Amino acid sequence: MTHQILLTPGDGIGPEVIDETQRVLGWFSRNRNFAFHTESAPIGGIAYETTGNPAPDETIAKAKKADAVLFGAVGGPQWDKLPFDQKPERGILRLRKDLELFANLRPALCFDALKDASSLKPEIVSGLDILIVRELTGGVYFGEPKETTTLPNGEKRAVDTQVYTTHEIERITRVAFELAGLRSRRVTSAEKSNVMVTGVLWREVVTKIHKEEFPHIELSHVLADNCAMQLVRNPKQYDVIVTDNLFGDVLSDEAAQLTGSIGMLPSASLGAKQANGKQAALYEPIHGSAPDIAGKGVANPIACILSFAMCLRYSFGRVEDAQLVERAVDRVLADGYRTADIMQPGMTKLGTVQMTEAILKALDKLAV
Ligand code: IPM
Ligand code: MG
């Protein structure tokens, strides 16, 4: 069976890290009988430049057909002044919405070799392994109305709408509990039920699903602001954190920094499993387009390569191959190789291409 993978490199460092990840795909096809076919399609700023649309219909159609999408990054200062609906970010938001990728898995794992690279004390982050499960197709990102109007006095008024239905909360809650069942069986649900009615509903629905379907998993609730504080105070108290779209966006950046660098963290965005076994899926590094270092060959390819590992695990059921990639990354870090973002005294600094080569060599060694 040939796996169909759509590459959407996008902007900034996106193309660089996707190119390198393709070399890892190549390694699996040569050494692990992994048959795949890739195709590239424009998204984000580059798509806007070439087609006038940051989320071209053709790219969306190809993404729907593919078994998995490997996404680079979108955005850059040259597009800051574009109207809202033409900005590069519409590219990723439309992919998420049109493919109904409601479950966003953002692991924050601190590799042992990097415990000194975090801005927090090593004892706070060493061994850290948490998973943020972010709702990705609802909430304030997509709620209507979403508009700016001009009031009679000439003042402007902008509205975003935070909205959640029972069903939307139920399905993301189930994903979190199921994943927790494979880990240390603890879920923390973060919302603002003290201020927001969506937060009240969120807490009610999570509590109900827990009681009816997952009583063997431990559940706790936390207010999202307190969660942000606890994440820097004592992050290891958490295992799986389930939260809405906006809180998940913020908390996952925070969690990323705990691990040393946002250049390290992968993510998976998954849809519902269809009756025919198909499940829409998109994998992306969470670092974004990093325009300041784009084109310089210094970007850290690890987040994108680890996103491919998540693809092996969740889309293709190749758990051992996924672990092989993760062990290869662990190995190069333990051997002292670093990209600029995680550089430390006494370590060997590598560029994007060289870091990938080190990972490929580690794969060769681990595979024998
Ligand atoms: C992320 C990003 C996106 C988001 C942007 C690029 C639209 O910050 O994936 O976390 O806000 O969801
Ligand atoms: Mg974000």
Side-chain angles (χ1 to χ4, degrees), residues 8-15 17-18 42-48 53-55 59-60 63 69-80 82-108 130-143 146 160-164 168 172 190 224 227-228 231 241-259 261-271 280-292 294 299 303-304 306-307 310-311:
T8 52
D11 309 319
I13 61 170
V17 296
I18 290 282
I43 196 82
I46 182 76
Y48 172 78
N53 181 352
T59 298
I60 304 292
V69 180
L70 260 183
F71 180 95
V74 290
Q78 64 269 52
W79 300 296
D80 276 353
L82 284 178
F84 192 71
D85 59 353
Q86 286 166 12
K87 281 200 201 296
E89 287 75 10
R90 297 319 299 171
I92 181 64
L93 294 173
R94 183 169 175 208
L95 274 172
R96 290 173 181 171
K97 193 72 181 168
D98 286 17
L99 273 69
E100 293 184 67
L101 304 168
F102 69 90
N104 185 217
L105 281 39
R106 298 193 164 189
I130 59 185
L131 176 65
I132 296 190
V133 178
R134 169 186 176 193
E135 198 292 323
L136 202 60
T137 50
V140 75
Y141 272 62
F142 297 100
K146 189 180 200 68
D160 291 293
T161 303
Q162 164 82 344
V163 47
Y164 272 107
E168 286 175 305
I172 192 69
C227 183
L231 271 175
I241 298 176
V242 61
T243 190
D244 79 7
N245 204 342
L246 183 61
F247 295 140
D249 181 44
V250 176
L251 294 175
S252 63
D253 264 29
E254 190 188 2
Q257 179 55 29
L258 302 175
T259 70
S261 165
I262 198 165
M264 297 293 300
L265 290 198
S267 78
S269 304
L270 307 174
L282 178 147
Y283 299 88
E284 63 174 310
I286 82 159
H287 49 56
S289 59
D292 51 321
C304 196
L306 290 175
S307 297
M310 291 189 89
C311 173

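One-based numbering, in listed order, for ligands and for the atoms of each. Numbering starts at 1 and runs along the sequence shown. What you see is a predicted model, and the numbers here were worked out from it, not measured in a lab.
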**Report entry** Spacing of CD1 belonging to Ile13 relative to OG belonging to Ser289, to within rounding of 0.5 Å
**Finding:** 7.5 Å
Query raised in the report: Side chains of Glu135 and Thr137: do they bring a donor and an acceptor to under 3.5 Å?
Result: yes
Requested in this report: Note the single closest protein heavy atom to atom 1 (C) of ligand 1, along with its residue, its atom name and the distance in Å.
Outcome: Arg106 NH2, 3.3 Å
Query raised in the report: Under a 4.0 Å heavy-atom limit, does His287 contact ligand 1 with its side chain, its backbone, both, or neither?
Result: neither
Query raised in the report: If you look at Asp249, which of its N/O/S atoms is nearest to the Mg ion (ligand 2)?
Result: OD1
Report task. In plain terms, say whether Arg134 and Asp249 are close enough for a salt bridge, that is, a side-chain N and a carboxylate O under 4.0 Å apart. Result -> yes
Requested in this report: Would you mind checking which non-hydrogen protein atom is closest to atom 11 (O) of ligand 1, with the distance to 0.1 Å?
Outcome: Tyr141 OH, 2.5 Å
Report task. Take Phe84 and Arg90 through the test side-chain contact (heavy atoms from CB on, under 4.5 Å) and record every step on the way to the result. Result -> CA-CA 8 Å; Phe84 192 71; Arg90 297 319 299 171; 3.6 Å; yes
Query raised in the report: Is there at least one pair of N or O atoms, one from Glu89 and one from ligand 1, spaced under 3.5 Å apart?
Result: no
Query raised in the report: Arg134 near ligand 1, heavy-atom distance under 4.0 Å?
Result: yes
**Report entry** Rounded distance [0.5 Å steps], CG in Leu282 versus CG in Leu95
**Finding:** 6.0 Å
Query raised in the report: For the atom pair OG (Ser269) and CD1 (Ile92), what is the distance rounded to the nearest 0.5 Å?
Result: 6.5 Å
Query raised in the report: Does Asp253 reach ligand 1 with a nitrogen or oxygen that is under 3.5 Å from one of the ligand's nitrogen or oxygen atoms?
Result: no
Query raised in the report: Any heavy atom of Asp249 sitting closer than 4.0 Å to ligand 1?
Result: yes
